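Take a look at the structure below.
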Amino acid sequence: MAMTLRLSDEESSHLAELAAAEGRSKQEIMRLALNDRWARLQKEQQLAEVLSRVLPRYQGLLDRIGTA
């Protein structure tokens with residue numbers, strides 16, 4: 001899918017510098033950034049799911065530690 005990305009002059013300059021420094025195209029840098037952000041979101045969601053199951057089990061212990 002083709003799309004147009006509108007960047008400020010500063011953002012465009014940063015993107016060009018990053019692409020040049022890494023020897024990649026600007027398009028590849030943007031795809032990598034998207035994939036990195038998506039992976040981070042997935043990890044955050046997994047952590048939230050685990051914590052929602054685990055924290056209630058140990059809430060009493062955590063409360064006691066917090067008041068010690």
Side-chain angles (χ1 to χ4, degrees):
M1 169 195 285
M3 69 179 287
T4 301
L5 178 63
R6 288 176 173 63
L7 301 173
S8 69
D9 290 341
E10 183 179 25
E11 291 166 335
S12 182
S13 176
H14 290 168
L15 178 58
E17 287 178 34
L18 185 58
E22 294 189 7
R24 301 175 188 268
S25 69
K26 292 189 277 185
Q27 181 178 352
E28 187 176 4
I29 295 293
M30 293 306 297
R31 280 197 315 266
L32 290 170
L34 172 64
N35 289 330
D36 287 348
R37 183 61 189 109
W38 183 84
R40 195 174 324 138
L41 175 63
Q42 296 305 304
K43 287 179 184 178
E44 289 170 1
Q45 289 176 340
Q46 288 174 349
L47 177 60
E49 180 184 329
V50 168
L51 288 176
S52 71
R53 286 181 301 168
V54 172
L55 282 180
R57 183 183 315 163
Y58 297 104
Q59 191 61 51
L61 176 62
L62 293 171
D63 290 341
R64 288 193 303 273
I65 291 172
T67 58

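By convention here, the first residue in the shown sequence is residue 1. Because the structure is predicted, anything quoted here is derived from the model rather than measured.
Note that CZ of Arg40 and CG of Asn35 are 11.5 Å apart. Values are rounded to the nearest 0.5 Å.
Counting non-hydrogen atoms of neighbouring residues, nucleotides and ligands closer than 6.0 angstrom, the CD atom of Glu10 reaches no more than 12 such neighbours.
Looking only at side-chain heavy atoms (C-beta outward), Glu49 and Gln46 stay at 4.5 Å or farther from each other.
If you chain together ILVMFWY residues whose side-chain heavy atoms come under 4.5 Å of each other, Trp38 ends up in a group of its own.
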In a table with atom names and distances, give each donor-acceptor pair under 3.5 Å that connects a side chain of residues 22-34 to protein atoms at least two apart or in another chain.
residue: Glu22; atom: OE1; partner: Arg24; partner atom: NE; Å: 3.1
residue: Arg24; atom: NH1; partner: Glu28; partner atom: OE2; Å: 3.0
residue: Ser25; atom: OG; partner: Glu28; partner atom: N; Å: 2.9

